[in-house]
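What follows is a set of notes on a single structure, which appears directly below.
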Amino acid sequence: HAAKCRLAQTQGITIKSMELDSTSVHRVLVDKGIDSLHHANTLQTSCLFLQCGRLLSRGSVEEMGLIQTPQRSDDLDKRYAIWHDVFLDSVDIHERASRRNLYGPVLFRFELEVLLDAQIRSIWITRKNPTDWRDHDKREDRYFSSVDEFAQRYSKGDFGSMFMLRHNGGSLKLSPYLKDIVLDAPDISDDDVELYSHSVGALRLSAWQGGLRNLAIVRRKCLRFCKCTSEYDTLLQNAIAKNDERELTKLFVFGGGDA
C-alpha cells in the first residue's frame with residue numbers, strides 16, 4: 001500500500017504519489033456545489049453489487065469467480081493497472097451529456113459524505129478518462145497531483161475526470177451512503193418483458209438479499225433533446241436486423257448467462 005502524500009523510492013527512481021486527502025477533496029467539491037458521487041453499470045453487475053452490499057472493482061469480482069458484464073474498457077483497465085480500483089463520477093453523465101451512459105442504465109447515487117468514511121483515507125482523481133490515456137503518458141498527465149491543483153482546474157460538470165478508490169480492498173460499502181438508484185426507462189420490450197419493470201424487480205430482489213430493505217429506485221426522466229431514446233431504439237433495431245440481442249440484453253439482463 002502506498003503511504004499517503006509521500007514520495008516513494010523504487011529502484012532509485014522517485015515516484016510521486018497521486019493520492020489526495022479525501023477530506024480535503026470533499027471540501028473542494030462542496031465549495032463547487034457538488035453533493036453526490038455516481039457509479040453507472042449494467043443491470044447484471046448492479047444486482048451483484050446490491051447482493052454484496054458494496055460496489056466491487058472489476059478485479060475483485062473476477063477473483064471471487066462471480067458474473068459481471070464485460071465492458072469495453074476492461075483490457076485498458078488491466079493494461080494500466082486500475083483493474084482493482086473502484087470508479088466514481090461527480091456528475092450524472094447521462095444527464096450531463098444528454099445521451100445514455102455507455103457503462104450501463106443503472107446509476108448509483110452516493111452522498112458526498114462517503115468521502116469522509118474511515119474506509120476512504122485518500123482518493124486518486126484522473127485528469128481525463130482512462131480510455132483516453134496513452135502508454136507514453138506520465139503519471140502527472142493522468143492524475144491531479146495535489147488538492148490545490150484539483151481545486152484550481154476541476155470544474156463542476158466535467159465528466160472526463162474520474163474519482164478512483166485505490167488500495168482499499170477493491171470495494172465500497174453501499175450503506176449508509178447510497179441515496180438511491182436512477183434507472184433508465186427505455187420504451188423497449190424483450191420477448192414481451194417490459195425492460196424497466198423487469199429491471200426494477202431484479203434490483204429490488206437483489207437489494208433485499210443484500211440487506212437493503214428500503215432502496216429507492218428513481219425512474220429517469222430525460223429532457224426532450226436527450227439522445228438516449230434514439231440510441232436505445234437503434235440498439236433494438238440492430239438486434240432485430242442481426243437477430244443478435246447481445247448488445248441490448250447485456251445492459252438489462254439478469255439471472256446469469258454470459259452477460
Side-chain angles (χ1 to χ4, degrees), residues 19-20 22 25-26 29 34-74 76-78 81-94 101-126 129-130 159 161-184 199 202-218 250-252 254 259:
E19 292 181 310
L20 306 185
S22 58
V25 169
H26 174 272
L29 294 176
I34 296 169
D35 62 5
S36 303
L37 292 174
H38 310 80
H39 177 90
N41 223 305
T42 63
L43 179 66
Q44 178 78 61
T45 305
S46 297
C47 286
L48 173 62
F49 293 162
L50 291 170
Q51 291 163 3
C52 293
R54 59 190 62 240
L55 297 186
L56 296 168
S57 71
R58 309 286 291 169
S60 294
V61 175
E62 182 181 64
E63 289 178 352
M64 295 166 69
L66 301 173
I67 296 174
Q68 62 185 340
T69 311
Q71 297 282 8
R72 295 178 181 177
S73 56
D74 283 349
L76 286 176
D77 288 353
K78 294 176 182 178
I82 53 179
W83 182 240
H84 288 86
D85 301 341
V86 176
F87 294 82
L88 298 168
D89 299 296
S90 68
V91 63
D92 178 346
I93 294 177
H94 184 140
N101 191 314
L102 296 179
Y103 287 99
V106 182
L107 182 73
F108 292 77
R109 292 200 301 189
F110 291 89
E111 300 282 357
L112 192 62
E113 282 65 36
V114 69
L115 292 178
L116 304 180
D117 190 87
Q119 179 191 2
I120 304 176
R121 299 302 180 111
S122 62
I123 193 164
W124 298 53
I125 307 175
T126 67
N129 193 299
F159 55 83
S161 290
M162 305 190 77
F163 295 70
M164 296 167 53
L165 305 183
R166 314 197 75 186
H167 317 305
N168 73 330
S171 70
L172 174 66
K173 63 184 179 182
L174 301 180
S175 180
Y177 303 107
L178 181 62
K179 286 184 178 182
D180 54 29
I181 281 178
V182 180
L183 179 61
D184 289 4
S199 300
L203 291 168
R204 290 203 184 283
L205 173 61
S206 298
W208 183 267
Q209 293 171 337
L212 296 173
R213 300 291 189 257
N214 300 301
L215 175 65
I217 300 177
V218 179
K250 80 174 186 179
L251 299 176
F252 291 97
F254 172 68

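Remember, it's a predicted structure, so these values are computed and weren't measured experimentally.
- Applying the salt bridge (Lys or Arg N to Asp or Glu O under 4.0 Å) test to pairs two or more places apart or on separate chains, none has a residue in residues 40-53.
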Return a table of donor-acceptor pairs under 3.5 angstrom between the side chains of residues 103-111 and protein atoms on other chains or two or more places apart.
residue : atom : partner : partner atom : Å
R109    : NE   : D180    : OD1          : 2.8
R109    : NH2  : D180    : OD1          : 3.3
R109    : NH2  : D180    : OD2          : 2.7

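- For R58, the salt bridge (charged side-chain N to carboxylate O under 4.0 Å, His left out) partners at least two apart in sequence or on another chain are D74.
- The side-chain contact (heavy atoms from CB on, under 4.5 Å) search around H26 returns V30, L112, E113, L115, L116, not counting sequence neighbours.
- For R213, there are no salt bridge (charged side-chain N to carboxylate O under 4.0 Å, His left out) partners at least two apart in sequence or on another chain.
- Here the shortest heavy-atom pairing between I125 and S161 reads CG2-CB, 4.3 Å.
- Under the rule for a salt bridge (charged side-chain N to carboxylate O under 4.0 Å, His left out), R54 has no partner lying at least two apart in sequence or in another chain.
- In this structure E62 satisfies the side-chain contact (heavy atoms from CB on, under 4.5 Å) test together with Q68, K78, W83, sequence neighbours excluded.
- Every residue two or more places apart in sequence or in another chain that forms a side chain to side chain donor-acceptor pair (under 3.5 Å) with S57 is listed here: S60.
- Qualifying ring pair (Phe, Tyr, Trp, His ring centres under 6.0 Å) partners for F49, counting only residues two or more places apart in sequence or in other chains: H39.
- With sequence neighbours left out, D117 forms a side chain to side chain donor-acceptor pair (under 3.5 Å) with K173, Y177.
- Residues that satisfy the side chain to side chain donor-acceptor pair (under 3.5 Å) test with T126, not counting sequence neighbours, are absent from this structure.
- With hydrogens and angles ignored, the 3.5 Å screen pairs no side-chain donor or acceptor of D89 with any backbone N or O of V91.
- D77 is linked by a salt bridge (charged side-chain N to carboxylate O under 4.0 Å, His left out) to nothing, counting only residues two or more places apart in sequence or in another chain.
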